[in-house]
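Here is the structure we will look at, set down as structure tokens.
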Amino acid sequence: ELLISMPSKLFLWPQTLGEVMEPFHTAAAALPDVVSRLRVEAAQVACLTKLLAEALQRCNAGLVGTSDDHPVWGRYCEALLGEDFGDHPYWRAMGDASAAQGLAPSRELEHASYMAREVLIVHKTIVQELSAELLGPRFDAGLFFQAWLCRLTRVFHASGVAASVPVVDFFNHSDCHGADWYWDSAADAMLVTANRAHAAGEQVFISYGLRSNTLLMRTYGFTVHPQVEPSWTFVLQGEKPRELFNRFLPERLGELNIHLDSKVIQESLVEALNACQGEMSQDARVFLDELC
């Protein structure tokens, strides 16, 4: 049974943001001092920050639900203001210095700290490079951080492009999910369909994918019971096996954090193997064997 059909014209992604939020979106996407791998994401988050700032102004003025420019986005952002990320690793990494000791010997908080600092650096760069008139009121670090985590924890992919999908991204995760989501290119929409009957008042869950507890915590700030954890993950972060990387990978991937997963071939591993075989003319099988 079809539950939701959300057309792409209501997504927050480059196609719609480039139409509705010009010239701001183009300016934010073209900042040379933002590292290239983050430019698309940074531009989307910057646009979402402006939308959240407008929603906050409406809430403070008692004008909830009165957005005329884009009413769906307006109500969506008013709801996002209520998202609490206090337990997310990014927030904890910035505010709880003792948390690292509690997680030892895991380096997860180190990773979260690095990512949180990167978010703040991107915000600082945008504020320095774009005019106050273009940024608008309340383009502060706190709201930008809220927007970044909203995108991180709610993003879907349609035709290989990351998108925030209103309504659909409010579903919670369960390993016993009662609904499935998928991108329908023919309908140009994100669809959610029930895969079983639900009782009146029962919460409808979707699945966030085959993610280990490591990746669930990094992305969403929660884990599942080990008995239902679908896979296990090891991330090669921190100091790299330099001699191995030098032999098999191009210089541009010298600091690549390769994800190894027991069920899913992660994008970072695909990138490393393709570069090893294609750019370096090395045997990717030998690289993987020595890496492991």
Side-chain angles (χ1 to χ4, degrees), residues 11-51 89-90 93-94 110-131 134-135 139 141 143-164 215 218-219 235-242 244-246 248-260 265-282 284 287:
F11 294 3
L12 278 76
W13 63 340
Q15 291 90 316
T16 51
L17 295 173
E19 296 173 3
V20 177
M21 301 192 68
E22 285 302 325
F24 180 76
H25 177 262
T26 296
L31 293 175
D33 291 334
V34 174
V35 294
S36 58
R37 64 181 172 82
L38 291 177
R39 282 177 191 158
V40 172
E41 184 175 8
Q44 289 179 268
V45 172
C47 290
L48 182 55
T49 303
K50 281 179 66 72
L51 293 170
Y90 286 22
M94 291 195 303
E110 177 184 322
H111 169 81
S113 298
Y114 174 84
M115 298 304 295
R117 289 195 301 270
E118 194 168 60
V119 173
L120 296 178
I121 290 170
V122 171
H123 171 263
K124 182 178 180 180
T125 302
I126 293 174
V127 170
Q128 289 176 339
E129 296 293 330
L130 300 184
S131 68
L134 202 55
L135 291 172
F139 198 90
L143 209 55
F144 186 83
F145 211 97
Q146 178 85 0
W148 194 286
L149 290 180
C150 281
R151 183 191 180 279
L152 174 67
T153 58
R154 317 177 81 84
V155 70
F156 289 83
H157 286 83
S159 297
V161 181
S164 297
L215 296 185
R218 282 187 174 194
T219 307
V235 184
L236 185 65
Q237 60 193 50
E239 187 176 349
K240 303 296 185 290
R242 190 55 54 204
L244 181 68
F245 271 38
N246 289 343
F248 287 96
L249 297 181
E251 185 178 353
R252 64 182 180 82
L253 299 183
E255 297 301 323
L256 179 66
N257 292 328
I258 298 178
H259 288 213
L260 300 175
I265 300 177
Q266 297 288 345
E267 290 182 8
S268 58
L269 180 58
V270 172
E271 183 178 15
L273 295 179
N274 284 339
C276 174
Q277 195 82 30
E279 295 180 43
M280 301 296 287
S281 299
Q282 297 287 340
F287 167 69

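Computed over heavy atoms, backbone and side chain alike; hydrogens, waters and symmetry mates excluded.
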Verdict with reasoning, S164 to R154, per side chain to side chain contact (heavy atoms under 4.5 Å, CB included):
CA-CA 6 Å; S164 297; R154 317 177 81 84; 5.5 Å; no

So V235 and R218, side chain to side chain contact (heavy atoms under 4.5 Å, CB included) or not? Walk me through it.
CA-CA 11 Å; V235 184; R218 282 187 174 194; 3.8 Å; yes

For Q277 and L273, what are the C-alpha separation, side-chain angles and deciding distance, and is it a side chain to side chain contact (heavy atoms under 4.5 Å, CB included)?
CA-CA 6 Å; Q277 195 82 30; L273 295 179; over 6 Å; no

May I have the step-by-step check of side chain to side chain contact (heavy atoms under 4.5 Å, CB included) for E279 and L253, ending in yes or no?
CA-CA 11 Å; E279 295 180 43; L253 299 183; 5.7 Å; no

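In this structure, L256 CG and S268 OG are separated by 5.5 Å, a value rounded to the nearest 0.5 Å. In this structure, CD1 in I121 is found 11.5 Å from CG in D33, a value given to the nearest 0.5 Å. Atom OG of S131 is separated from atom CZ of F24 by 9.5 Å, given to the nearest 0.5 angstrom. Between the CG atom in L12 and the SG atom in C150 there is a gap of 10.5 Å [rounded to 0.5 Å]. Between atom CD of residue Q237 and atom NE2 of residue H259 there is a gap of 7.5 Å, rounded to the nearest 0.5 Å.
Nearest heavy atoms, A112 versus P89: CB-O, 3.6 Å. Smallest separation of non-hydrogen atoms from A116 and M94: CB-CG, 3.8 Å. The two atoms that bring P32 and R39 nearest to each other are O-NH2, 3.2 Å, heavy atoms only. Here the closest non-hydrogen pair linking A275 and R252 is CB-NH2, 4.2 Å. Considering all non-hydrogen atoms of both residues, K50 and L134 come closest at NZ-O, 3.0 Å. Of all the heavy atoms in A162 and R151, the pair that sits closest is CB-NH2, 3.1 Å.
Under the 4.5 Å side-chain criterion, counting only non-hydrogen atoms from C-beta, F144 is not in contact with V127. At a threshold of 4.5 Å between non-hydrogen side-chain atoms, the residues E41 and V155 do not count as touching. Contact annotation: the side chain of V40 approaches that of P14 to within less than 4.5 Å [non-hydrogen atoms, C-beta and beyond]. Between V122 and L31 the shortest side-chain heavy-atom distance does not fall below 4.5 Å. At least one side-chain heavy atom of L135 sits under 4.5 Å from a side-chain heavy atom of I126. When side chains are defined from C-beta on, L17 does not count as touching F11, because their heavy atoms never get closer than 4.5 Å. In this structure the side chain of Q15 reaches within 4.5 angstrom of the side chain of V161, judged on heavy atoms. Two residues are said to be in side-chain contact when any heavy atoms from C-beta on lie closer than 4.5 Å; L236 and F245 meet this criterion.
In this structure, E267 places its CD atom where only 12 or fewer heavy-atom neighbours from other residues, nucleotides or ligands lie under 6.0 Å away. Other residues, nucleotides and ligands contribute over 12 non-hydrogen atoms within 6.0 Å of the CG atom of L120.
Using a 4.0 Å cut-off between a side-chain N of Lys or Arg and a carboxylate O of Asp or Glu, E129 and K124 do not qualify as a salt bridge.
For T153, the side-chain contact (heavy atoms from CB on, under 4.5 Å) partners are F85, H88, Y220, not counting sequence neighbours. Remark: A30 engages no residue in a side-chain contact (heavy atoms from CB on, under 4.5 Å) (not counting sequence neighbours).
Side-chain N or O atoms of H123 include one that pairs as donor or acceptor with a backbone N or O of F139 at under 3.5 Å. The backbone N or O of G254 lies less than 3.5 Å from a partner atom in the side chain of R242, making a donor-acceptor pair.
Using a 30° and 60° split on the angle between ring planes, F248 and F287 fall in the tilted class, from 30° to 60°. Between Y90 and F145, the two ring planes are perpendicular [angle over 60°; tilted spans 30° to 60°].
The residue from N257, N246, I258, L249 that alone fulfils the side chain to side chain contact (heavy atoms under 4.5 Å, CB included) condition with K240 is N257.
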